[in-house]
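Every heavy atom of this structure was used, including side-chain atoms; hydrogens, water molecules and symmetry mates were not. So that the names make sense, note that chain A is the first sequence line, chain B the second, and so on, each numbered from 1.
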Protein chains: 2
Amino acid sequence: MSHRVTMRDVARAVGVSPMTVSRALRDDETVNAKTRHKIRQVANDLGYVYDTTAQAFRTQKSGFVAVTLPSINNANFAETFRGLSEGLGQSGMQLLLGSTNYQVDKEEELVRQLLTRNPEAIVLTGGHHTDETRALLSARNLPVIEIWDLPAAPLGHVVGFSNASAMAKVVTHLAEKGRYRLGFVGASENTDLRGASRRAGVIAAAAELGLPDVTIIDAGSAPVSMRHGAQAVSDLGDAVSELDALVCVSDPVAFGALSECRRRGLKVPSDIAVTGFGNFEVASVSDPRITTVGVTAREIGMQVAALLDDLFAGEAGDLPRIVDVGSRLVPGETS
Amino acid sequence: MSHRVTMRDVARAVGVSPMTVSRALRDDETVNAKTRHKIRQVANDLGYVYDTTAQAFRTQKSGFVAVTLPSINNANFAETFRGLSEGLGQSGMQLLLGSTNYQVDKEEELVRQLLTRNPEAIVLTGGHHTDETRALLSARNLPVIEIWDLPAAPLGHVVGFSNASAMAKVVTHLAEKGRYRLGFVGASENTDLRGASRRAGVIAAAAELGLPDVTIIDAGSAPVSMRHGAQAVSDLGDAVSELDALVCVSDPVAFGALSECRRRGLKVPSDIAVTGFGNFEVASVSDPRITTVGVTAREIGMQVAALLDDLFAGEAGDLPRIVDVGSRLVPGETS
DNA sequence: ACAAGTTTTGTTATCGGTAACATGTTATCG
DNA sequence: CGATAACATGTTACCGATAACAAAACTTGT
């Protein structure tokens, strides 16, 4: 009880050197099979627990991959995290998670904190960062992977998709259905930068197609969710009848908007169309099903895991890898 | 580039000993204010980054709190994690997260892995664990906190609520409304143990009130979500008309069931009532709003953070703390 | 039986901080 | 001015594993 069991203790008990124990526990083939067995046996009996901290210190490899997410409470980001987590299972890396609450300065602080743990790679959601964050990262020789975006000036590798062109698909789809007067429902501020990209994408696509100006409908500050979508429609009141479609920044927002429309007796899609983003479960289960954009959240995570595997195996080549996982329109019953 | 900047380098540049640098960077009052300033300045200029790994190794304090969740992709668990994360911000602890996929043997493996990082406390979701997990934890002198449950034989501290008595509230509420023939919609297997507790709670409460036997409706294997709820109702077919109410294991399941009922032309609540669990956002935004049970997911996290603060400050006393955060019925429009 | 090769094990130094203790340096006061 | 206290800094050893190198033990062929 007084003193934790170390390799030294195991070594003494077996009658070998600590080095042999170290090798045996890491399944080093050069250790005699019988010795290896005995060592594992004794280690177990003594209640030995491997000390990854010491290993990380000595080898200068933490075994950590740092990940920043805007929010953990978001099905899509959670799926990405899960894909990453499962995909990385093989390589023995552990994920060190932090959430930024959609704020770049929070991200900076988080990155600073995460870096003190010597991660072997860092995965950042989004392509917008403070200068200080960029400086911190480039000062280290650390693989950086940006996800959920296709930044113009990437820090390193990228696994993402274009939010703007995803929204263009939605706008085109609506225009084909004769929906010209669009309202965009999303966060007001620019803190949610993916949201801002989507808004910009809608505006650009509408202009491109010669549609009237997009009405921007403020749903509050990020993160916006179901209740914000409902509230936005509620705030809009009768002005909603001026619109052909509500283009929402995400499926939860769309679901909130849809529910509120129904509460107000508006028929969807005959009176107004509603679209979402992200292909969340709620989009396909809701009645009517919500037209949305499918983004392969889980696949982003898995692609990142694959990329990291290559990086750690030294098989990734020198060039930063840019993976566009794309997006696809998922037509539902609300448009 | 060749060699990372250490305290030694900073010390040399300033002309003091590494120890002084160490103290200065940790804001030790005994270091002269001017020296402290200079050291911080130089550390910054040299691009020094504190090495938490080395600190963790030397002090034998990792600064980690390990957390296991059944799933990260679950709004309630995510909220708990967030509450914990935010509440723990002060104490400088970092969370080390792992998810068990609702499997106790996965939990065991995870605990084993997490322990190698020398966490200073461990937070486990649920009160059911393998014997080996229990052994691993009790062999260490490590604070253990079980959450989201009130286990009969806790490993240490507890911050949770009774799943069974929460369901009893739902059953009582339904009985008062004249709903006697209940169907419980949840995961089939017993891997999701909180789900199993809820099922048991429903059965016990129905028996207590003298209601007819509860019909168990299999929604597939854990984690069950919206689509499972919809599928379960779909599978049920006409048999659904034999029931007065669908008692669902969670709000997402309830929402799926509700949507499917509507697709099939069933009126909720006049034809059948639907209830959920967890007071997820979808319950309050959905039209009609879903009757559910509010569990203070975020508060669980914050309570755990508060408890950990006390523990680390040595102010927690000797006895394990058992916190029942309770639960409350949130009547909606589906019952 | 011995050299040369192969397999297995051991020795030493070290990663970057910091606890505990020792020492130096500057105020304070009779 | 010298003694004592208060403050500021330095020294030494060490946390537990492991890379790099060294050496021992065992095979094998002649």
If you look at every strand shown and take non-hydrogen atoms under 4.0 Å, does [X] touch a base, only sugar-phosphate, or nothing?
| X | result |
| --- | --- |
| Val16(A) | sugar-phosphate |
| Thr53(B) | nothing |
| Val31(A) | sugar-phosphate |

Return the value, rounded to whole Å, for the distance between atom [atom1] of [X] and atom [atom2] of [N].
| X | N | atom1 | atom2 | value |
| --- | --- | --- | --- | --- |
| Arg8(A) | dG10(C) | CZ | P | 14 Å |
| Arg117(A) | dG16(C) | CZ | P | 17 Å |
| Phe57(A) | dG17(C) | CZ | P | 8 Å |
| Met7(B) | dT18(C) | CE | C1' | 8 Å |
| Asp51(A) | dC15(C) | CG | P | 18 Å |
| Arg58(A) | dT14(C) | CZ | P | 9 Å |
| Asp28(B) | dT18(C) | CG | P | 11 Å |
| Lys61(B) | dG16(C) | NZ | P | 23 Å |

- Task: Would you check if Val111(A) and Glu107(A) make a side-chain contact, meaning some heavy-atom pair closer than 4.5 Å?
- Result: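 A side-chain contact exists here, since the closest heavy-atom pair is under 4.5 Å.
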
- Task: With the side chain counted from C-beta on, respond yes when Arg4(A) and Arg140(B) share a heavy-atom pair under 4.5 Å apart, and no when they do not.
- Result: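 Result yes, sub-4.5 Å side-chain heavy-atom pair found.
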
- Query: Centres of the Phe64(A) and Phe64(B) rings: under 6.0 Å?
  - Reply: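 Yes.
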
- Watson-Crick or G-U wobble partner of dA13(D), both distances under 3.5 Å: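 dA13(D) is paired, partner dT18(C).
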
- Query: Mind checking who dG2(D) pairs with, Watson-Crick or G-U wobble, both distances under 3.5 Å?
  - Reply: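 Base-paired to dC29(C).
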
- Identify, between Val49(A) and Glu29(B), the residue whose nearest nucleotide on DNA chain D lies closer to the 5' end.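 The residue closer to the strand's 5' end, by nearest nucleotide, is Glu29(B).
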
Does the [X] side chain pair with the main chain of [Y], one donor and one acceptor, at a distance under 3.5 Å?
| X | Y | value |
| --- | --- | --- |
| Thr296(A) | Arg298(A) | no |
| Thr125(A) | Thr68(A) | yes |
| Arg321(A) | Val159(A) | no |
| Ser62(A) | Asn118(A) | yes |

Distance test, side-chain N/O of [X] to OP1/OP2 of [N], below 4.0 Å:
| X | N | result |
| --- | --- | --- |
| Gln55(B) | dG16(C) | no |
| Arg26(B) | dT18(C) | yes |
| Thr59(A) | dC15(C) | no |

- Heavy atoms of chain B, cut-off under 4.0 Å: which first and last nucleotide of DNA chain D, 5' to 3', fall inside that, if you could look?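 Listing 5' to 3', DNA chain D meets chain B from dA8(D) to dG16(D).
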
- Side chain Arg23(A) and base dG10(C) donor-acceptor under 3.5 Å: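 Present.
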
- What is the ring orientation for Phe77(A) with Trp148(A), classed by angle as parallel under 30°, tilted 30 to 60°, or perpendicular over 60°?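 Perpendicular, since the angle between the ring planes exceeds 60°.
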
